[in-house]
Engineer: 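Okay, handing you the structure first.
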Amino acid sequence: MTTPSLTSDPVPTSPGAPNHYHLRFHRPHLHLAPVFGDDWFALKAEAFARFFGTPVFLVGQTVLVAIWIGLNVFGFSTFDLYPFILLNLAFSLQAAYAAPLILLAQTRQADRDKAHAEADALHREALAMASEQRQALAAQQTAQLMDLLQQNTQLTELTKQLSQRIEALTLEVHGKIVPGDTKS
């Protein structure tokens, strides 16, 4: 499974290219991504620690223990007779290695979760700030539109008054030029 690069350009170069700009808040926490580091041992240790909790491991271990006990109880082999001290030693050895790996994985995962929560909080804050800016801009544009509407109304009223005045002057001039007209 490949994870997208968090250092990609904020704008995709082609229409089909992915845009991972929304991950910009996670960039400061990239050092927390691998739990045990980046080398071969670290990757194997993390895989091993994660494998301990899987159903495959639990079923496999149960089958192996059942075979171990069956071989020794029914006499097919006598390498670990009852009370199965060698099996107990194997479980102790497994626990001695598994417990620190699991605890380390949990601690590092908690650190990653905290870092991602902080990044998500920053992202939410940025979204809230952008939303507030858009709301302020919308309020400003609404106020400008109201001012323009008021100015338009005033200009329309002025145009109406001037049209009425022109009509009155036209009738007055027409009455003086054409003396017997009954229209006025």
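Throughout, residue positions are numbered sequentially from 1 according to the sequence presented.
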Engineer: Any link between V178 and L169 through a network of hydrophobic side chains (Ile, Leu, Val, Met, Phe, Trp, Tyr) touching at under 4.5 Å?
Structural biologist: no
Engineer: Check L58 against F52 and note the closest heavy-atom contact, atom names and distance.
Structural biologist: CD2-O, 4.3 Å
Engineer: Nearest 0.5 Å please: distance from the CG atom of L162 over to the CD atom of E157.
Structural biologist: 12.0 Å
Engineer: Show, in sequence, the C-alpha distance, side-chain angles and deciding distance for F84 and V65, and conclude whether the side chain to side chain contact (heavy atoms under 4.5 Å, CB included) test is met.
Structural biologist: CA-CA 10 Å; F84 308 113; V65 168; over 6 Å; no
Engineer: Could you tell me whether E167 atom CD has more than 12 heavy atoms of other residues or ligands within 6.0 Å of it?
Structural biologist: no
Engineer: May I ask you to test the W68-D80 pair for a side-chain heavy-atom distance under 4.5 Å?
Structural biologist: yes
Engineer: Which residues satisfy the salt bridge (charged side-chain N to carboxylate O under 4.0 Å, His left out) test with K160, sequence neighbours excluded?
Structural biologist: none
Engineer: Let me confirm one number: the CD-OG1 distance from Q164 to T159, rounded to the nearest 0.5 Å.
Structural biologist: 11.0 Å
Engineer: Taking all non-hydrogen atoms of both residues into account, name the closest pair between A95 and P100 and its distance.
Structural biologist: O-CD, 4.2 Å
Engineer: Can you name the salt bridge (charged side-chain N to carboxylate O under 4.0 Å, His left out) partners of E172, sequence neighbours left out?
Structural biologist: K176
Engineer: What are the two closest non-hydrogen atoms of F79 and N72, and how far apart are they?
Structural biologist: N-OD1, 3.4 Å
Engineer: When you look at F48 and L101, which way does the side chain to side chain contact (heavy atoms under 4.5 Å, CB included) test go after all the steps?
Structural biologist: CA-CA 8 Å; F48 185 69; L101 289 176; 3.5 Å; yes
Engineer: With clusters defined by side-chain heavy atoms of hydrophobic residues (ILVMFWY) lying less than 4.5 Å apart, directly or transitively, does V63 cluster with V73?
Structural biologist: yes
Engineer: Does a sphere of radius 6.0 Å around CZ in F57 hold more than 12 heavy atoms from other residues, nucleotides or ligands, not counting ones at 6.0 Å or beyond?
Structural biologist: yes
Engineer: Tell me every residue that passes side-chain contact (heavy atoms from CB on, under 4.5 Å) with Q161, counting only those two or more places apart in sequence or in another chain.
Structural biologist: L158
Engineer: How long is the straight-line distance from CE of M146 back to CD of Q144, given to the nearest 0.5 Å?
Structural biologist: 13.0 Å
Engineer: Report yes or no: do L64 and F76 belong to one cluster of Ile/Leu/Val/Met/Phe/Trp/Tyr joined by side chain heavy-atom distances under 4.5 Å?
Structural biologist: no
Engineer: For residues I69 and L87, report the shortest heavy-atom separation together with the two atoms involved.
Structural biologist: CG1-CD2, 4.1 Å
Engineer: Tell me whether L71 is reachable from I85 by hopping between hydrophobic residues (I, L, V, M, F, W, Y) whose side-chain heavy atoms are closer than 4.5 Å.
Structural biologist: no
Engineer: Going from CD on Q151 to OG1 on T156, what distance comes out if it is rounded to the nearest 0.5 angstrom?
Structural biologist: 11.5 Å
Engineer: Using atom types as modelled and distance alone, determine if a side-chain donor or acceptor of T142 lies under 3.5 Å from a backbone N or O of A138.
Structural biologist: yes
Engineer: As a test of understanding, state which of Q141, Q135, Q133, R134 forms a side chain to side chain contact (heavy atoms under 4.5 Å, CB included) with L137.
Structural biologist: Q141
Engineer: Hey, could you give me the CG/CG distance between L122 and L127, rounded to the nearest 0.5 Å?
Structural biologist: 11.0 Å
Engineer: With rounding to the nearest 0.5 Å, note down the distance linking CD1 in I67 to OG1 in T62.
Structural biologist: 11.0 Å
